[in-house]
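Working notes, structure below.
Just so it is clear: chains get the letters A, B, ... in the order the sequence lines come, proteins before strands, and each one is counted from 1. These numbers come from a predicted model, not from an experiment. Only this structure's heavy atoms are used, side chains among them; waters, hydrogens and symmetry mates stay out.
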Amino acid sequence: MSVLGQILEAVSIAVLSYFVLLNLAYLSFTFIAWRDLSRHQHSRGHAATEEALASPLSPPVSLLLPAYNEEAGVVESVRSLLSLRYPEHEVIVINDGSTDGTLQRLKEEFDLVPVRKVLREGIPHAPVRSAYRSSRHPALWVIDKENGGKADALNCGVEASRYPFFCAVDGDTIIEEDALLKIAKPIMDDPDLVAATGGIVRIANGCRVEAGRVVEVGFPRSRLAAYQVVEYFRAFLVGRVAWSRLNSLLIISGAFGLFRRSLVEAVGGYSTATIGEDMELVVRLHRYLRDRGEEYRIIFIPDPVCWTEAPEQIAVLGRQRRRWHQGMGETLWRHRRLIGNPRYGVLGLSTMPYFTVFEFLGPVVEVVGYLAFPLGYMMGVVSLSMLGAFLVLALLVGMLLSLSALLLEELNFRRHTRHRDILRLAGYAVLENFGYRQLTSWWRMRAFLDLALGRREWGTMTRRGLTRPHPKTE
Amino acid sequence: MGGVLVVTAMVLLGINVLLAAGLMLYRLRLARIDRRKRQTEDRLRPLALGLVEGDRPETPGLTPFEAGVFAELLTRYARRLTGVAQERLTDFFEADGHVDAQLRLLDSPRSWRRATAAAALGDMGSVRATDPLVAHLLDSDRDVRSAAARSLGQLCATSAVGALVRCMVQGTVPRIVAGDALLAMGPAAAPELRLLLAHDQPQIRERAAELLGSLGRPSDTAALLESLRDTSAEVRAKAARALGRLGDERASAALRETLADRVPFVRVASCHSLGAMKDQAAVPSLLTLAQTDSFDAAKAAAQALASIDPETVLQVAATEGASPHLHEKADVIAMESRS
């Protein structure tokens, strides 16, 4: 066998082993998630969430909504935040130097009046131009600042917040009315232990939204959005539930996460030097707390629901995925000291290595596999039956994982009311393996180029707003 | 190798097909059950409301499924009711054997069944459940302990105060659940909580002070005043907040002294309380704090001033050298007066 042949054989075996390990990990996560969600499902009837609404012991929360050119959906988002069922909360919108009519829309809708608001000076951020309070909603503040990016806007919000806990929310999201109660419940239960909590993000495309509420869960008319529904089920109901169980949750979505303000201030706030500021903050909190030997929990709750608008255009989705992957790479690099470090327990020995090898380097291995197997076949290193069986196996395991995530959703939440939506989602769980999955790998591969070139761009996120009755088909 | 892959692929294919079919069958079955349950609830709702109103409606010929739906419906109502209406439902649950059924489920080997039963017993309002629920405060499962504590609060089972306090001290029940249960007991919880103000763990003293404040009994003022001199700043802060909640004027002087505490968050707590009590005598000290103190204390002082004496805030904010916190409050006061 030639040297190239030997290399291809070695690569094929390595890719195969990687594939087996990765899928074993996914199956373990599915098992952990299944157990955890079953328990969660049973406890919903006696979780005393309703009682927390009337309890004087519930901690007040500041909701932070950074907005950059969000004129299409910001009013709906603010309305939904103001009407949340929670004993005491304030809403702080941080207009991050929007160039569209975001601020004007807010002024008109909520009767904003200028107030000389004072902010703390612990975490640096871009200068504040002015602050406003709503004369109709005393709990609503709007801070108008110069553009500095989402992390910078959140830092400004942290410095403006009044309460000991803050909840970061994206400008294009809708939070369900009891979601804050649910996401804050672990903090009410163990206030000295819980550092942060995150909730599930669901896709709102195709849903009917009225007055800042999702009143009917529908099916996206865009195929691209439908793929993302399945993808989000897998990411949230399997991955995050399992990592949370192991107290190694690395990602609390920037769209909906609750944090102890004093801790975030202690670690210096959100990093403006990375575009994955949500993941970076959580890893930094883990690191900070473990360095000090403190007992703590960072928890994912699967049923407080935050609805977001998924991209329906390929270019926009591609940019989003590149950005997410780049953010992950930057975070892993910045905290590389944790990888394989026994001092950090499960986080150092399992979570960080997993994210590095399987999540971050995954697309590289996948693309190498796509190239190595056909080449190996051409060189006679891999037989056709072996190649075919492997591809079929990969497809079937992918389907199994997606269908399992769908089953977890059905067993525990059943948010889609129409049978045909579930059938279609099951169909998309199969179809995503033919093209969509490869496309996301390609986008994630391109993030390596961005990392190498040091590009840090958010790009333009085209949104149509969540109030439109039905999104256009792509 | 190829053979193994083919067999594995076949097995996976089979699992996928089973999973997809199972998913749809499960969904169809659940949809049928949900529909049947909804229809049954709609049919039985007038009967349930009649029972709440004081009728003793005939419920002949209910199938086990219908009886279950009826009990579930009444349990939901019972959770939101108090007084005579709740007693009527409790009598129904007792007479129809639902309480006994739930008491039996408390011994189930499955923890979620025990937790569900513990929660249902609280909703049903049967005092007979008190002792078994107290016993389940020692259950091996946290959800069961939590549900038992919540139900004891609903039952206002004052005999359980000691056990609930122990759960709170040991952290075996979520803090808010134990706290809310003790608050539901009202004055009966106060003696045990006052004892906890002398506990050797500051976190426990903190919680006790917080709960005494939430109980709202002026007779606890003296005990909380002692806690204003606690060695732990967290306890002093909670005591200051609690005194503000009680609103007893006897605490005003001590709270004004606490404005000089060396720890900022204790000063913050005192500002809040003096503001809530609208203590005019605190205005000079609050003005000093609003002008000179660190961020949080100055902000809290300005807020308290705005509650006590908004005119003074407007006047001082208009002078040269006024602190930005007073400017902020003055703007808010002006805005509120316009609207």
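- Heavy atoms only, all atoms of each residue included: A:P186 and A:I301 are closest at CG-CD1, 3.3 Å.
- Comparing A:K185, A:R162, A:R418 by heavy-atom pairs within less than 4.5 Å of chain B, the highest count is held by A:R418.
- Counting heavy-atom pairs closer than 4.5 Å to chain B, the top residue among A:T417, A:V392, A:L403 is A:L403.
- Separation of the A:Y428 and A:F233 ring centroids does not fall under the 6.0 Å cut-off.
- For B:S111, the part lying near chain A is the side chain, with the backbone staying farther off; criterion is any non-hydrogen pair under 4.5 Å.
- A:S404 touches chain B through backbone and side chain together, each having a heavy atom under 4.5 Å away.
- Neither the backbone nor the side chain of A:S402 comes within contact range of chain B, judged by heavy atoms closer than 4.5 Å.
- When heavy atoms are compared at a cutoff of 4.5 Å, B:R150 approaches chain A solely by way of its side chain, counted from C-beta outward.
- Remark: A:D192 engages B:R207 in a salt bridge, criterion side-chain N to carboxylate O under 4.0 Å.
- B:R113 does not touch chain A: none of its heavy atoms, backbone or side chain, sits under 4.5 Å away.
- Aromatic pair A:Y132/A:F110: ring centres not closer than 6.0 Å.
- Here CG of A:L425 is found 8.5 Å from CD of A:E410. Values are rounded to the nearest 0.5 Å.
- Within a 6.0 Å radius of CZ in A:R415, other residues, nucleotides and ligands contribute more than 12 heavy atoms.
- If you measure heavy-atom distances from B:K299 to chain A, the contacts under 4.5 Å come from the side chain alone.
- Within the 4.5 angstrom heavy-atom criterion, only backbone atoms of A:L119 (N, CA, C, O) approach chain B.
- Neither the backbone nor the side chain of B:D123 comes within contact range of chain A; no heavy atoms are under 4.5 Å apart.
- Proximity to chain B involves both the backbone and the side chain of A:S58, based on heavy atoms less than 4.5 angstrom apart.
- Listed for the B:R145 side chain is a donor-acceptor partner under 3.5 Å among the backbone atoms of B:D139.
- When each of B:M24, B:E328, B:E210 is scored by its heavy-atom pairs under 4.5 Å with chain A, the top score falls to B:E328.
- The backbone N or O of A:E159 lies less than 3.5 Å from a partner atom in the side chain of A:R120, making a donor-acceptor pair.
- Looking at A:P56, the atoms closer than 4.5 Å to chain B (heavy atoms on both sides) sit in the backbone and in the side chain alike.
- Considering every non-hydrogen atom in both B:Q203 and B:E206, the closest pair reads O-CB, 3.2 Å.
- With a 4.5 angstrom heavy-atom cutoff, B:S214 touches chain A only via side-chain atoms.
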